[in-house]
Engineer: 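Okay, handing you the structure first.
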Number of protein chains: 2
Amino acid sequence: MDAICKCKNIDKKELERTIEQQPDADTIERMSNFFSVFGDGTRLKILYYLSCQELCVADLASLVKMGQSAVSHQLRNLRLNRLVKVRKEGTTSYYSLDDEHVQSIFEVALEHINEVKR
Amino acid sequence: MDAICKCKNIDKKELERTIEQQPDADTIERMSNFFSVFGDGTRLKILYYLSCQELCVADLASLVKMGQSAVSHQLRNLRLNRLVKVRKEGTTSYYSLDDEHVQSIFEVALEHINEVKR
DNA sequence: TTAATATATGAACAGATATTCATATAAGGA
DNA sequence: TCCTTATATGAATATCTGTTCATATATTAA
């Protein structure tokens with residue numbers, strides 16, 4: 001503990017609790033991975049559009065003004081992270097949200113950026 | 001609109017509303033930027049430790065098991081994004097959280113990754 | 001079967017990002 | 001003043017990530 005805390009003014013009892021209760025490496029990795037998914041404009045737009053209604057790849061591509069391939073890659077990312085799901089009908093794939101947390105995540109982020117508006 | 005929606009089964013009235021109400025480019029950029037900050041394990045750990053108590057750079061470095069420089073760079077990032085603030089005392093800098101959303105953000109993320117546990 | 005359409009995916013490339021290293025700044029003590 | 005300590009920061013580097021391009025797969029129509 002001495003090796004860890006060289007500063008005065010630090011509550012060492014509190015620090016012990018902090019270390020005991022710290023999230024394990026796996027949790028940290030899952031969390032950072034989860035947030036990284038939201039850390040890209042294209043994916044945010046896709047999630048926004050899908051929060052309104054189910055849409056096919058071609059429509060999403062024209063909505064986000066990006067190539068079909070790029071959108072398809074991003075949808076794969078979102079699918080692997082369990083944020084969207086697919087429904088196939090003939091050759092077209094209809095995507096929709098697969099997580100009810102997306103809305104609340106968006107709300108907290110909007111609160112933050114609105115407070116920080118410079 | 002025809003150029004946008006080539007698929008059947010799409011509610012075009014809803015699509016119009018979706019486009020009208022879509023967040024502007026600036027908002028999208030701020031949001032993705034905000035989430036990117038949380039998309040890194042080192043920063044997540046720092047935020048966790050600071051959610052327990054104010055800490056100096058050296059202590060944070062030994063807690064996250066990383067060099068002083070790396071931590072300092074990340075603290076700068078967090079500071080620029082208004083997530084932490086500094087208090088100087090002599091040569092040491094004490095960092096603490098500067099945003100009450102951090103807790104709620106963490107909670108939503110934990111809910112998600114706990115549901116997705118594979 | 002052949003052609004057309006919708007989507008998926010591997011490879012390549014460009015741009016972004018985290019860490020390290022070296023060094024600068026700045027305060028306090030000897 | 002000189003030395004030590006705590007932190008900050010610019011540059012370099014290695015890694016990661018998003019997009020594009022080319023192509024594969026699969027379904028439907030002719």
Side-chain angles (χ1 to χ4, degrees), chain A residues 2-10 28-29 32-47 50 54-81 83-96, chain B residues 2-10 28-29 32-47 50 54-81 83-96:
Chain A
D2 281 335
I4 286 167
C5 181
K6 304 163 199 110
C7 293
K8 44 285 158 196
N9 304 338
I10 300 266
I28 291 290
E29 202 200 312
S32 66
N33 194 48
F34 173 71
F35 287 120
S36 293
V37 178
F38 290 89
D40 174 78
T42 303
R43 284 191 294 267
L44 281 186
K45 286 180 204 163
I46 291 175
L47 289 172
L50 294 183
E54 182 188 67
L55 288 164
C56 69
V57 179
D59 286 345
L60 282 169
S62 69
L63 282 166
V64 304
K65 298 181 182 64
M66 204 146 275
Q68 171 269 320
S69 180
V71 172
S72 198
H73 277 294
Q74 296 295 22
L75 285 168
R76 178 184 151 84
N77 184 332
L78 292 168
R79 195 161 19 89
L80 291 175
N81 284 284
L83 291 170
V84 305
K85 56 175 187 285
V86 216
R87 177 178 70 80
K88 307 232 175 191
E89 202 173 292
T91 59
T92 99
S93 299
Y94 291 96
Y95 282 83
S96 56
Chain B
D2 281 335
I4 287 166
C5 180
K6 305 164 200 109
C7 293
K8 44 285 158 197
N9 304 338
I10 301 265
I28 291 289
E29 203 198 313
S32 64
N33 194 49
F34 173 72
F35 286 120
S36 293
V37 178
F38 291 88
D40 175 78
T42 303
R43 283 191 295 267
L44 280 186
K45 286 180 204 162
I46 291 174
L47 290 173
L50 294 183
E54 183 188 66
L55 289 163
C56 69
V57 179
D59 286 344
L60 282 169
S62 70
L63 283 167
V64 304
K65 298 180 181 66
M66 206 147 274
Q68 172 270 320
S69 180
V71 172
S72 199
H73 277 294
Q74 296 295 21
L75 285 168
R76 179 184 151 84
N77 183 333
L78 292 167
R79 196 159 20 88
L80 291 175
N81 283 285
L83 290 170
V84 305
K85 56 176 186 286
V86 217
R87 176 177 70 82
K88 306 232 177 193
E89 203 173 291
T91 60
T92 97
S93 299
Y94 290 96
Y95 282 83
S96 57

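Labels below follow one simple rule: chain letters A, B, ... track the order of the sequence lines, proteins then strands, and each chain is numbered from 1.
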Engineer: Confirm from the modelled atom types if B/Gln68 and D/dA8 form a donor-acceptor pair under 3.5 Å, side chain to base only.
Structural biologist: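 Flag set: donor-acceptor pair detected.
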
Engineer: Among the candidates C/dA18, D/dT7, D/dG18, find the nucleotide nearest to the side-chain atoms of A/Gln74.
Structural biologist: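 Of all the options, the side chain of A/Gln74 is nearest to D/dG18.
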
Engineer: Please evaluate the base of C/dT7 for a donor-acceptor partner in the side chain of A/His73 within a cut-off of under 3.5 Å?
Structural biologist: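 When only heavy-atom distances are counted, A/His73 does not reach the base of C/dT7 through any donor-acceptor pair under 3.5 Å.
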
Engineer: Rounded to the nearest angstrom, tell me the gap between atom OH in B/Tyr94 and atom C1' in D/dT5.
Structural biologist: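 So the two atoms are 13 Å apart, to the nearest Å.
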
Engineer: Can you measure A/Arg87 atom CZ to C/dA8 atom C1' for me and round it to whole angstrom units?
Structural biologist: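 The distance from CZ of A/Arg87 to C1' of C/dA8 comes to 18 Å, rounded to the nearest Å.
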
Engineer: Rounded to whole angstrom units, what separation is found between the NZ atom of A/Lys88 and the C1' atom of D/dT27?
Structural biologist: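 Value for this atom pair: 11 Å.
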
Engineer: Could one point to a donor on the side chain of B/Ser36 or the base of C/dT17 with an acceptor on the other under 3.5 Å away?
Structural biologist: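 No pair found.
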
Engineer: What is the distance from CG of B/Asn77 to P of C/dA16, rounded to the nearest Å?
Structural biologist: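 Value for this atom pair: 15 Å.
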
Engineer: Give, for atom CG of B/Leu44 and atom CD of A/Glu29, the distance between the pair rounded to the nearest 0.5 Å.
Structural biologist: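 One finds 11.5 Å between CG of B/Leu44 and CD of A/Glu29.
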
Engineer: How many Å lie between CG on B/Leu75 and P on C/dA18, as a whole number?
Structural biologist: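 So the CG-P distance, B/Leu75 to C/dA18, works out to 13 Å.
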
Engineer: So, is A/Arg76 close to the C/dT7 phosphate, meaning a side-chain N or O under 4.0 Å from OP1 or OP2?
Structural biologist: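 Looking at the OP1 and OP2 atoms of C/dT7, neither is under 4.0 Å from any side-chain N or O of A/Arg76.
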
Engineer: Of A/Val71 and B/Ala70, whose nearest nucleotide on DNA chain D comes first from the 5' end?
Structural biologist: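 The residue mapped nearer the 5' terminus is B/Ala70.
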
Engineer: Counting side-chain heavy atoms from CB outward, which of C/dT19, C/dT9, D/dG18 is closest to A/Ser69?
Structural biologist: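 Closest nucleotide among those given: C/dT9.
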
Engineer: At what distance, to the nearest 0.5 angstrom, does CG of B/Asp40 lie from NZ of B/Lys45?
Structural biologist: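 Between atom CG of B/Asp40 and atom NZ of B/Lys45 there are 9.0 Å.
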
Engineer: If the cut-off is 4.0 Å, is A/Tyr95 near the phosphate of C/dA8, judged by side-chain N/O to OP1 or OP2?
Structural biologist: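 Looking at the OP1 and OP2 atoms of C/dA8, one of them is under 4.0 Å from a side-chain N or O of A/Tyr95.
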
Engineer: So, does B/Ser72 get its side chain near the phosphate of D/dA8, meaning an N or O under 4.0 Å from OP1 or OP2?
Structural biologist: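 For B/Ser72, the contact criterion (side-chain N or O under 4.0 Å from OP1 or OP2 of D/dA8) is met.
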
Engineer: Indicate, yes or no, whether a donor-acceptor pair under 3.5 Å links the base of C/dT19 to the side chain of B/Thr42.
Structural biologist: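 A donor-acceptor contact between them is absent.
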
Engineer: DNA chain D: A/Gly90 or A/Asp40, which has the more 5' nearest nucleotide?
Structural biologist: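 Looking at DNA chain D, the more 5' nearest nucleotide goes with A/Asp40.
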
Engineer: Over how many whole Å does the gap from B/Leu80 atom CG to C/dT17 atom P extend?
Structural biologist: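 Taking atom P of C/dT17 as the reference, CG of B/Leu80 is at 13 Å.
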
Engineer: What is the distance, rounded to the nearest whole Å, between atom CZ of A/Arg79 and atom P of C/dA8?
Structural biologist: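 After rounding, the reported distance stands at 6 Å.
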
Engineer: At what distance, to the nearest 0.5 angstrom, does CG of B/Leu60 lie from CG of B/Leu55?
Structural biologist: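 Result: 5.0 Å between the selected atoms.
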
Engineer: To the nearest 0.5 Å, what is the distance between CG on B/Asp59 and OH on B/Tyr95?
Structural biologist: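 Between B/Asp59 CG and B/Tyr95 OH, I get 13.5 Å after rounding to 0.5 Å.
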
Engineer: Whole angstroms only, please: what is the CD-C1' distance between A/Glu89 and C/dT5?
Structural biologist: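 Taking CD of A/Glu89 and C1' of C/dT5, I get 15 Å after rounding.
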
Engineer: For a quick check of understanding: with a heavy-atom distance under 4.0 Å over all strands, which category does B/Ser93 fall into, base, sugar-phosphate or nothing?
Structural biologist: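 Sugar-phosphate, no base atom in range.
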
Engineer: Give a yes or no on whether the backbone of A/Ser32 and the side-chain of B/Arg43 come within a donor-acceptor separation of less than 3.5 Å.
Structural biologist: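 No: the side chain of B/Arg43 does not pair with the backbone of A/Ser32.
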
